[in-house]
There are 2 protein chains.
Amino acid sequence: MQYDDKIPIYYQIKNFIYREIIVGNLKLGEQLPAVRQLAVDLTVNVNTIQRALSELIAEKVIESKRGKGNFVTEDETKIDDLRRRLIDEYLSDAYNNLHQLNVSDQEIIEYLNQYIEDRRKKKS
Amino acid sequence: MQYDDKIPIYYQIKNFIYREIIVGNLKLGEQLPAVRQLAVDLTVNVNTIQRALSELIAEKVIESKRGKGNFVTEDETKIDDLRRRLIDEYLSDAYNNLHQLNVSDQEIIEYLNQYIEDRRKKKS
DNA sequence: TATATTGTAATAGTAAAGTATGACACCGAG
DNA sequence: CTCGGTGTCATACTTTACTATTACAATATA
């Protein structure tokens with residue numbers, strides 16, 4: 001995993017775990033890799049993993065069981081809501097950024113369609 | 001101006017100045033407010049302004065004239081390219097983020113249309 | 001020429017993020 | 001009960017961003 005040096009690593013890891021859950025690489029109730037293992041996998045310090053996890057635990061997306069491990073919540077609704085929230089966040093970020101450049105609603109849609117089409121052509 | 005505490009302030013200011021130019025609040029060749037004034041306006045330290053400006057100067061978006069002031073480049077093409085680059089960046093960020101949540105191309109377009117429509121209704 | 005205004009630079013201090021390391025607490029299996 | 005794996009916590013150190021402050025350099029103008 002490569003990190004954006006403009007955003008705190010712990011925050012990027014938090015979002016990475018969100019994705020893993022939403023995409024299903026981590027199932028509901030499933031145990032996460034041990035923190036020391038995650039630290040190795042994600043090439044950061046255990047404390048940085050802990051920093052990300054502590055926020056996820058506070059949000060009850062992850063449940064921590066001392067001596068056993070960290071587990072994804074069983075609450076499906078919570079994850080569905082999370083997915084919705086992230087999608088909305090990404091959309092509004094893009095919308096706001098583009099609008100601040102004086103790109104109209106109409107143009108935003110056009111540009112996006114064009115972007116996706118260009119991407120298809122390049123077959124990336 | 002309010003800052004996102006997840007992103008360096010100097011970087012947000014740099015992007016703010018990009019926008020001011022692209023939107024036309026700062027015309028080609030126009031003189032920027034003095035660095036000390038910018039610091040007051042943007043409620044940060046002069047050094048932070050300088051940090052943002054030094055990058056813009058390195059990119060030749062801003063030209064610095066010691067003793068006179070900082071000026072927007074006269075190079076219209078440069079600004080057009082910049083606008084294009086930012087738009088593309090915002091689109092690809094959104095696209096990548098959404099794709100990573102397993103949202104398909106089709107759904108991305110649908111969600112965006114829905115987002116914009118919802119926004120219109122709320123009349124915000 | 002003197003003064004105000006502009007950009008530039010250096011120093012020092014604070015805070016947050018990240019690393020390295022070691023210690024402690026809990027749990028389950030042998 | 002002991003041991004290995006788990007999460008948790010604390011301390012110390014480094015780096016980056018930011019602030020505060022001071023000083024210096026170039027320009028325009030009165």
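Since we're looking at a predicted model, the values are computed, not measured. What's counted below: heavy atoms across the whole structure, side chains too, no hydrogens, waters or symmetry copies. Just so it is clear: chains get the letters A, B, ... in the order the sequence lines come, proteins before strands, and each one is counted from 1.
- When distances are taken from the side chain of B:Asn47 to each of C:dA17, D:dT6, D:dA20, the shortest belongs to D:dA20.
- When the nearest nucleotides of DNA chain C are assigned to B:Pro33 and A:Ile9 by heavy-atom distance, the more 5′-ward of the two goes with B:Pro33.
- Closest approach to the B:Asn45 side chain among C:dA20, D:dA20, D:dT6 is made by D:dA20 (side chain taken as heavy atoms from C-beta onward).
- Closest to the side chain of A:Ile57, out of D:dT27, C:dG7, D:dT8, is D:dT8.
- One finds a salt bridge joining B:Asp105 and A:Arg120 here, because a Lys/Arg side-chain nitrogen approaches an Asp/Glu carboxylate oxygen to under 4.0 Å.
- Minimum atom distance to the side chain of B:Arg51 is reached by D:dA17, of the listed D:dA17, D:dT8, C:dT8.
- Taking only side-chain atoms of B:Arg36, from C-beta outward, the nucleotide of C:dG7, D:dC18, D:dT8 with the closest atom is C:dG7.
- Within the 4.0 Å cut-off from OP1 or OP2 of C:dT8, at least one side-chain nitrogen or oxygen of B:Ser64 is found.
- Closest to the side chain of B:Thr48, out of C:dC27, D:dT19, D:dT8, is D:dT19.
- Put simply, B:Phe16 and B:Ile87 are part of the same group of oily side chains (I, L, V, M, F, W, Y) that touch within less than 4.5 Å, one to the next.
- Minimum interatomic distance between A:Ile21 and A:Val61 (heavy atoms only, all atoms of both residues): CD1-CG1, 3.7 Å.
- Distance from the side chain of B:Val35 is smallest to C:dG7 among D:dA28, D:dT8, C:dG7.
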